[in-house]
K.L.:
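Dropping the structure in here first, questions after.
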Amino acid sequence: MEELTEVVCDAAKKLKKNWQSCSPSLAIICGSGWGSIADVFVQKNFMGYSEIPGMSKTTVAGHAGKLFLCGFQNSEFLIFQGRKHFYEGEGWAPVVFPVLLAKKLGVKSILLTNAAGGISNHLEVSDLMVIEDHMNFMPGNPLIGPILHQDSPRFPDQSKIYDSHLRKIIVQAAKDCGTTLRHGIYLALSGPAFETPAEISAFAKLGADAVGMSTVPEAMVANSLGMKVLGLSCISNLAAGINMDSLSHEDVVRASQKALPKMRSIILRFLHLFF
Ligand code: HPA
């Protein structure tokens, strides 16, 4: 992990050198279909993931692989356009690297977005769900190994990962945009296969509202680093067995792109209220 810390320092150094000014207080990690929210913000600078030490190329459709430094009034924020997933087979380091890099660059709050399958019957396709809490059903835990940062406890408390103040702000932002957000528990699996109907039926009994293949490792790491975390899922499909449709990643990306105008205006309003 010492090596990882060194690479994070190299990446931060390169960005600061190339971008000259760089003092973001917020970072947004874009999940499937969310990447184009970057189009409407004032982009001061960007760099492709392949040019940033420690950030390998994204391999999944809908994950462009660019890091933007954006300006909002007198503040700056980062947009990671695309993420790495555990199922890509490179371990936890590339999955959690953006969070470590954001921390190194001074980010205090992080918005994690994703596309998710709706389990609860209060969720419909294209709903946006504020993550209230999560269940980690991924194989293992990204915090195993040496402590990621000098400020991280060995045994991080996880009783309040998702920050209540940030949740209030996003709810207000959505209200201002005429949208009611849903709320729920997000359950993460490694993927890459979608779930079976029997698994979804079991997860429903456990109390999961939505299911996906991301977000939880980043949330765990950000929480362990003392960052404020907000999670937002776009319900891109109903989970396996809830209706008779078969599932495909193309449908997931298409459905979340349909919700894009709504996502953009809510995030824009969120920035107004946040900064
Ligand atoms: N299952 C898992 N991950 C997902 C889904 C799903 O139904 N939809 C979008 N990501």
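Order of listing sets the numbers, starting from 1, for every ligand and every atom in it.
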K.L.:
Taking atom NZ of Lys44 as the centre, does the number of heavy atoms from other residues, nucleotides or ligands within less than 6.0 Å exceed 12?
P.N.:
yes
K.L.:
Check each N or O atom of ligand 1 against all protein N or O atoms and list the pairs under 3.5 Å, with atom names and distances to 0.1 Å, one per line.
P.N.:
from     : atom 1 : to     : atom 2 : distance (Å)
ligand 1 : 1 (N)  : Glu195 : OE1    : 2.8
ligand 1 : 1 (N)  : Glu195 : OE2    : 3.2
ligand 1 : 7 (O)  : Asn237 : ND2    : 2.9
ligand 1 : 8 (N)  : Gly117 : N      : 3.3
ligand 1 : 8 (N)  : Asn237 : OD1    : 2.7
ligand 1 : 10 (N) : Ala115 : O      : 3.3

K.L.:
What class does the angle between the rings of Phe77 and Phe72 fall in, given that below 30° is parallel, 30 to 60° is tilted and above 60° is perpendicular?
P.N.:
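Perpendicular: the ring planes of Phe77 and Phe72 meet at over 60°.
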K.L.:
Name the residue from Ile110, Leu271, Leu166, Leu78 that meets the side chain to side chain contact (heavy atoms under 4.5 Å, CB included) definition with Leu26.
P.N.:
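Of the listed options, the one satisfying the test is Leu271.
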K.L.:
Do Trp92 and Pro217 have side chains that get closer than 4.5 Å, going by heavy atoms?
P.N.:
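Answer yes - side chains close enough.
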K.L.:
Can you see whether Glu76 engages Ser21 through a side-chain donor-acceptor pair at a distance of less than 3.5 angstrom?
P.N.:
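Looking only at side-chain atoms, Ser21 and Glu76 do form a donor-acceptor pair, the distance falling under 3.5 Å.
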K.L.:
Less than 4.0 angstrom from a charged side-chain N to a carboxylate O is my criterion; do Arg167 and Glu132 meet it?
P.N.:
yes
